Amino acid sequence: MTSNTLFTLSRLGYFALVLLLGGWFVGQGISGEYTLLFSLLWIVPLLLPAKGVFQGNPYTYAWASFILCLYMLHGLTLLYVTTDAFAFALIEVLLIGVLLIAFPFYARIRGRELGLGLKKKSKE
């Protein structure tokens with residue numbers, strides 16, 4: 001898989017995740033399930049790497065995976081505890097699962113293309 005394919009897949013998946021979670025949490029805030037402020041605060045961590053993700057910065061893709069883990073925990077918990085939002089939770093978990101594979105692979109492949117690898121320790 002080339003870095004361009006992974007870049008496109010990652011950007012589309014990230015955009016879909018932002019739309020999915022944004023719609024879900026704002027909808028929960030409007031319906032009174034949560035306060036609207038709490039719902040908006042849930043989206044903020046997901047938006048932190050947005051600039052680097054859309055620019056294709058490999059370093060951003062590497063650390064953004066840690067933020068995705070928070071949302072994966074949310075999806076897995078929701079999948080376990082509720083039957084009302086099962087479809088939403090399943091989509092969330094599958095989408096984040098794809099991103100947790102695509103993000104590090106893109107960071108690795110693109111980083112190698114740019115020569116950003118770790119320096120090997122010299123034998124002295």
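Small disclaimer: the values here were computed from a predicted structure and weren't measured.
Here the shortest heavy-atom pairing between L68 and I96 reads O-CG2, 3.7 Å. Pairing each heavy atom of A102 with each of L9, the nearest pair is CB-CD2, 4.1 Å. A pairwise comparison of heavy atoms in P58 and R110 identifies CG-CG, 3.8 Å as the closest pair. Across all their heavy atoms, L100 and C69 have their closest contact at CD2-SG, 4.2 Å. In plain terms, the two heavy atoms of R11 and V53 that are nearest each other are CG-O, 3.7 Å.
Interatomic distance, S10 OG to L17 CG, rounded to the nearest 0.5 Å: 12.0 Å. In this structure, CG on L20 lies 9.0 Å from CZ on F25, to the nearest 0.5 angstrom. Going from atom CH2 of W24 over to atom CH2 of W42 covers 12.5 Å, rounded to the nearest 0.5 Å. Taking CD from Q55 and OG1 from T60, the interatomic distance works out to 8.0 Å, rounded to the nearest 0.5 Å. The CG atom of L99 sits 9.0 Å away from atom CE of M72, with the distance rounded to the nearest 0.5 Å. To the nearest 0.5 Å, the span separating CZ on R112 from CG on L114 amounts to 12.5 Å.
A donor-acceptor pair under 3.5 Å links the side-chain atoms of Y106 to the main chain of G56, judged by distance alone.
In F105, the CZ atom is not crowded: 12 or fewer heavy atoms of neighbouring residues, nucleotides or ligands sit closer than 6.0 Å. By the 6.0 Å contact criterion, CZ on F54 is enclosed, its count of non-hydrogen atoms from other residues, nucleotides or ligands being greater than 12.
The cluster map of Ile, Leu, Val, Met, Phe, Trp and Tyr, joined by side-chain heavy atoms under 4.5 Å apart, puts L12 and L47 in different clusters. Side-chain heavy atoms closer than 4.5 Å link hydrophobic residues (I, L, V, M, F, W, Y) into clusters, and following such links, even through other members, never connects V98 to L46. Linking Ile, Leu, Val, Met, Phe, Trp and Tyr residues whenever their side-chain heavy atoms come within less than 4.5 Å leaves F88 and Y80 in two separate clusters. Hydrophobic clustering (ILVMFWY, side-chain heavy atoms < 4.5 Å, transitive): L90 and L73 are in distinct clusters. The cluster map of Ile, Leu, Val, Met, Phe, Trp and Tyr, joined by side-chain heavy atoms under 4.5 Å apart, puts L6 and F15 in the same cluster.
For the pair Y71/L21, a side-chain contact is recorded, criterion being any heavy-atom separation below 4.5 Å from C-beta on. When side chains are defined from C-beta on, R108 does not count as touching F103, because their heavy atoms never get closer than 4.5 Å. For the pair I43/V26, no side-chain contact is recorded, criterion being any heavy-atom separation below 4.5 Å from C-beta on. You'll find the side chain of Y61 stays beyond 4.5 Å of the side chain of P49, heavy atoms only. Between V93 and L78, the closest side-chain pair of non-hydrogen atoms is not below 4.5 Å. Residues I91 and F86 are not in side-chain contact: their nearest non-hydrogen atoms beyond the backbone lie 4.5 Å or more apart.
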* Verdict with supporting geometry, T8 and T5, side-chain hydrogen bond (donor to acceptor under 3.5 Å, both in side chains) -> CA-CA 5 Å; T8 303; T5 306; over 6 Å; no
